[in-house]
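Everything on this sheet refers to the single structure shown next.
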Amino acid sequence: MDRTELADFLRHCRARLAPADVGLPQGARRRTPGLRREEVAQLAGMSTDHYTRLEQARGSRPSRQMLAAVARALRLTGDERDHLFHLAGEEPSRHRPVTEHVRPGLLLVLDRLTDTPAQVVSDRGDILAQNAMARALHGDVSARPAAERNIVWRYFTDPTARELFPAEDRDRAGRAAVADLRATLARRPDDARLAGLVRRLRARSEEFSALWDAHHVAVRRTDVKRFVHPVVGLLELDCEVLLSPEHDQRLIVYTARPGSRSHERLELLRVVGLQALDRDSVAGGGSGLPA
């Protein structure tokens with residue numbers, strides 16, 4: 001617990017709030033800006049003496065419940081709340097809301113990557129957005145039911161999903177998917193949707209269940225992946241994983257090394273694959289490519 005920094009942080013956060021910001025009357029003219037200590041204590045449900053000692057760097061270590069109450073009283077942002085916990089010597093809460101809404105800025109980046117496959121994937125494995133090249137490589141998932149837009153579910157329940165990988169790479173791909181999913185569940189143990197996905201996979205796939213029981217843990221990071229495309233053939237691509245600030249969404253970009261055979265084939269995919277997507281769009285069908 002860093003008492004000095006905690007006290008300074010609390011004082012600054014209190015000073016920037018006006019009574020109207022927290023639903024309190026302005027009252028008589030105040031000699032200093034911000035809320036009074038007793039007002040913060042009242043909002044947090046603690047004694048004024050206890051809060052005063054914290055601001056004077058002489059208080060005892062507050063409980064997690066008390067820290068959460070102070071964060072609410074001071075209207076702290078998520079990052080400020082985490083900082084408060086760190087200053088008090090506590091780990092911040094892992095219970096953050098998970099969103100499937102992709103930030104507009106991220107979608108703009110995705111759309112501007114016109115010559116290389118890229119997609120936004122949640123840490124549960126749900127494909128949230130694809131650019132045209134990703135649809136040409138993996139198939140267009142936008143028309144699929146929500147469950148089938150999950151790459152882990154499809155890998156272990158749909159045999160055609162594995163055809164995109166060389167046979168010798170499939171065991172490694174399965175282990176990596178399960179290890180990443182286990183790491184995600186450890187970060188969010190109360191995520192009911194994530195826990196339900198694991199339960200359904202264990203019931204549906206003996207292979208998944210065995211890998212889950214092996215308890216491998218690894219977060220998906222930069223890698224080299226090979227894909228077998230039915231038109232352009234084998235592609236060896238560098239896979240770059242860029243995390244969102246909350247780490248619950250990932251922008252995955254696939255690139256080929258300039259001058260390589262895969263670079264030539266990726267350019268062919270850009271021409272042939274996008275033409276196929278245009279034809280299917282006119283016909284009202286899917287991409288016709290394996291996901």
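Here the structure is a predicted model, which is why all the values come from computation and not from measurement.
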Taking all heavy atoms of Asp123 and all of Asp180, pick out the closest pair and write down the distance. O-OD2, 4.0 Å
Side-chain donor/acceptor of Thr52 to backbone N/O of Thr48, under 3.5 Å: yes
So that I can tick it off, tell me whether Asp126 and Arg124 are bridged by a salt bridge, with the cut-off set at under 4.0 angstrom between side-chain N and carboxylate O. yes
What's the shortest heavy-atom distance between Arg204 and Trp153, and which atoms? NH1-CZ2, 3.4 Å
Taking atom CZ of Arg265 and atom OG of Ser260, what is their separation to the nearest 0.5 Å? 9.5 Å
Do Glu39 and Arg14 meet the salt-bridge criterion of a basic N to acidic O distance under 4.0 Å? no
Write down the atom of Val228, the atom of Phe165, and the distance for their closest heavy-atom approach. CG2-C, 4.2 Å
Looking at every heavy atom in both Asp115 and Leu266, which two are closest together, and how far apart are they? O-CD2, 4.2 Å
Is a donor on one side and an acceptor on the other found under 3.5 Å between the side chain of Gln130 and the backbone of Gly139? yes
Is the closest side-chain heavy-atom distance between Glu90 and Leu67 below 4.5 Å? yes
Short question: side chain of His138, backbone of Ala134 - any donor-acceptor pair under 3.5 Å? no
Before giving the answer on side-chain contact (heavy atoms from CB on, under 4.5 Å), spell out for Leu251 and Leu110 the whole-Å C-alpha distance, their side-chain angles and the decisive distance to 0.1 Å. CA-CA 8 Å; Leu251 174 62; Leu110 192 67; 3.7 Å; yes
Just by distance, do the side chain of Arg270 and the backbone of Met133 share a donor-acceptor pair under 3.5 Å? no
Leu181 versus Leu197: any side-chain heavy-atom pair under 4.5 Å? yes
Between CG of Leu164 and NZ of Lys225, what distance do you get to the nearest 0.5 Å? 10.0 Å
More than 12 heavy atoms of other residues, nucleotides or ligands under 6.0 Å from CD of Glu168: yes or no? yes
If you round to the nearest 0.5 Å, how far is CG of Asp213 from CZ of Phe208? 9.5 Å
Roughly how far, to the nearest 0.5 Å, is CG of Asp2 from CZ of Phe9? 12.5 Å
More than 12 heavy atoms of other residues, nucleotides or ligands under 6.0 Å from NE2 of His12: yes or no? no
Applying side-chain contact (heavy atoms from CB on, under 4.5 Å), run through Val253 and Asp238 and close with a yes or a no. CA-CA 8 Å; Val253 182; Asp238 293 322; over 6 Å; no
Taking only Lys NZ, Arg NE, NH1 and NH2, and the carboxylate oxygens of Asp or Glu, determine whether Arg16 and Glu80 approach each other closer than 4.0 Å. yes
Side-chain donor/acceptor of Asn131 to backbone N/O of Ala118, under 3.5 Å: yes
Check whether any side-chain heavy atom of Val121 lies under 4.5 Å from a side-chain heavy atom of Val241, and answer yes or no. no
Would Leu242 end up clustered with Val120 when hydrophobic side chains under 4.5 Å apart are linked, directly or stepwise? yes
Taking NZ, NE, NH1 and NH2 as the nitrogens, is one of them in Asp223 or Arg172 under 4.0 Å from a carboxylate oxygen of the other? yes
Which heavy atom of Leu17 sits nearest a heavy atom of Ala73, and at what distance? CD1-O, 3.9 Å
If you define the side chain from C-beta out and look only at heavy atoms, does anything of Pro166 sit under 4.5 Å from Leu234? yes
Checking Ser47 against Asp49: is there a side-chain donor and acceptor pair closer than 3.5 Å? no
Could you check whether Glu236 and Ser262, counting side-chain N and O atoms only, form a donor-acceptor pair closer than 3.5 Å? no
As a quick check of understanding, evaluate side-chain contact (heavy atoms from CB on, under 4.5 Å) for Arg61 and Met66, giving each step before the final call. CA-CA 10 Å; Arg61 183 172 178 172; Met66 190 60 68; over 6 Å; no
Within the structure provided, determine whether Leu211 and Phe156 are in side-chain contact (heavy-atom separation under 4.5 Å). yes
Report the distance from atom CG of Leu107 to atom CZ of Arg112, rounding to the nearest 0.5 Å. 12.5 Å
So among Arg162, Arg202, Arg175, which one has a salt bridge (charged side-chain N to carboxylate O under 4.0 Å, His left out) with Glu207? Arg162
Start with the C-alpha distance between Arg154 and Glu148, add both sets of side-chain angles, then the distance that settles salt bridge (Lys or Arg N to Asp or Glu O under 4.0 Å), and finish with yes or no. CA-CA 6 Å; Arg154 290 205 64 226; Glu148 294 184 17; 5.2 Å; no
Is it true that Asp169 and Arg226 have a side-chain N and a carboxylate O under 4.0 angstrom from each other? yes
What's the separation between atom CZ in Arg58 and atom OG1 in Thr4, rounded to the nearest 0.5 Å? 13.5 Å
For Arg261, does the CZ atom have more than 12 heavy-atom neighbours from other residues, nucleotides or ligands under 6.0 Å away? no
Answer with yes or no whether the hydrophobic clustering places Met1 together with Leu76; edges join I, L, V, M, F, W, Y residues whose side-chain heavy atoms lie under 4.5 Å apart. yes
Same apolar cluster: Val217 and Leu185, side chain cutoff 4.5 Å: no
Of the options Ile127, Thr184, Leu128, which is the one that meets Ser122 in a side-chain contact (heavy atoms from CB on, under 4.5 Å)? Leu128
Path from Val219 to Leu194 over hydrophobic side-chain contacts below 4.5 Å: no
Answer whether the closest heavy-atom distance between the side chains of Leu10 and Tyr51 falls below 4.5 Å. yes
To check you understand the geometry: which heavy-atom pair defines the closest contact between Ala136 and His229, and what is its length? O-NE2, 3.1 Å
In sequence, state the C-alpha distance, the side-chain angles, and the governing distance for Cys239 and Ile252, and then conclude on side-chain contact (heavy atoms from CB on, under 4.5 Å). CA-CA 7 Å; Cys239 173; Ile252 304 177; 3.5 Å; yes
